[in-house]
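Below is one structure, written out as structure tokens; the observations come after it.
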Amino acid sequence: MNRRAMIRKSAWLVAAAASPDAWPLPVPQFQLGACDWSVGKSLNPEAFDRAKQIGLQGIQVSYNTSKIPDGLSVADTLQSIKAAAERTGVKVSSLAIGELNRVPYKSAEIAEHWVWNSVDAAAGLGVKVVCLLFSPTETFEMMKRVRKRL
């Protein structure tokens with residue numbers, strides 16, 4: 001083989017190796033996700049579009065917000081989140097009740113309803129984790145109450 005043929009074949013080999021179709025992408029070892037409020041879309045199906053756009057595999061969905069206190073207890077809201085997850089392929093990784101930072105669990109009766117209703121919402125979305133966000137001063141006491149009831 002002469003020098004020109006060697007250079008030509010080498011160039012084809014380098015081009016083929018550099019092609020994105022030539023090598024399969026590695027399977028990620030970790031799944032990446034974010035809270036819906038971190039992507040600027042609390043309790044909003046658009047959070048899944050944004051997550052897909054930035055390469056996330058999961059979204060932690062807010063159970064409710066101050067503007068939508070019944071949150072995922074409303075069937076249409078729950079269904080819109082479920083449909084967005086299916087449409088985009090981004091999973092609902094968990095739920096979070098961030099409103100517990102604003103409304104104290106120990107003194108607001110509605111907060112306890114949110115916790116128990118979030119269990120039903122999680123089941124409806126096929127999620128096994130609900131993040132209860134308590135203020136630091138009430139965390140230990142409140143977790144004991146929740147665990148006792150479960």
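Since the model is a prediction, treat every value here as computed from it, not as a measurement.
Distance check: L56 CG to K91 NZ gives 13.0 Å after rounding to the nearest 0.5 Å. The CG atom of N64 lies 10.5 Å from the OG atom of S42; values are rounded to the nearest 0.5 Å. To the nearest 0.5 angstrom, L43 atom CG is 5.5 Å from T65 atom OG1. Residue E99 holds its CD atom at 13.5 Å from CG of L132, rounded to the nearest 0.5 Å.
Under the side-chain hydrogen bond (donor to acceptor under 3.5 Å, both in side chains) criterion, no residue pair touches residues 118-129, with sequence neighbours excluded. Listed by first and then second residue, the salt bridge (charged side-chain N to carboxylate O under 4.0 Å, His left out) pairs that reach into residues 33-60 are K41-E46, D49-R87, sequence neighbours excluded.
The heavy-atom pair separating A51 from V90 by the smallest distance is CB-CG1, 4.0 Å. Minimum interatomic distance between V130 and A122 (heavy atoms only, all atoms of both residues): CG2-CB, 3.9 Å.
Here S93 pairs with nothing under the side chain to side chain donor-acceptor pair (under 3.5 Å) rule; sequence neighbours left out. With sequence neighbours excluded, the residues forming a side-chain contact (heavy atoms from CB on, under 4.5 Å) with S80 are P45, listed by chain and number. Scanning for side-chain contact (heavy atoms from CB on, under 4.5 Å) contacts around K82 gives Q79, E86, L125, with sequence neighbours left out. For the side-chain contact (heavy atoms from CB on, under 4.5 Å) test, residues two or more places apart in sequence or in another chain that qualify with I110 are V103, A108, H113, W114.
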Query raised in the report: Step by step, would you call F48 with V39 a side chain to side chain contact (heavy atoms under 4.5 Å, CB included)?
Result: CA-CA 9 Å; F48 291 87; V39 297; over 6 Å; no

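The same ILVMFWY cluster, assembled from side-chain heavy atoms under 4.5 Å apart, contains both W116 and I97. Tracing side-chain contacts under 4.5 Å through hydrophobic residues (I, L, V, M, F, W, Y), one never reaches V129 starting from I59; they form parts of separate clusters.
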In a table with atom names and distances, give each donor-acceptor pair under 3.5 Å that connects a side chain of residues 71-78 to protein atoms at least two apart or in another chain.
residue, atom, partner, partner atom, Å
S73, OG, Y63, OH, 2.3

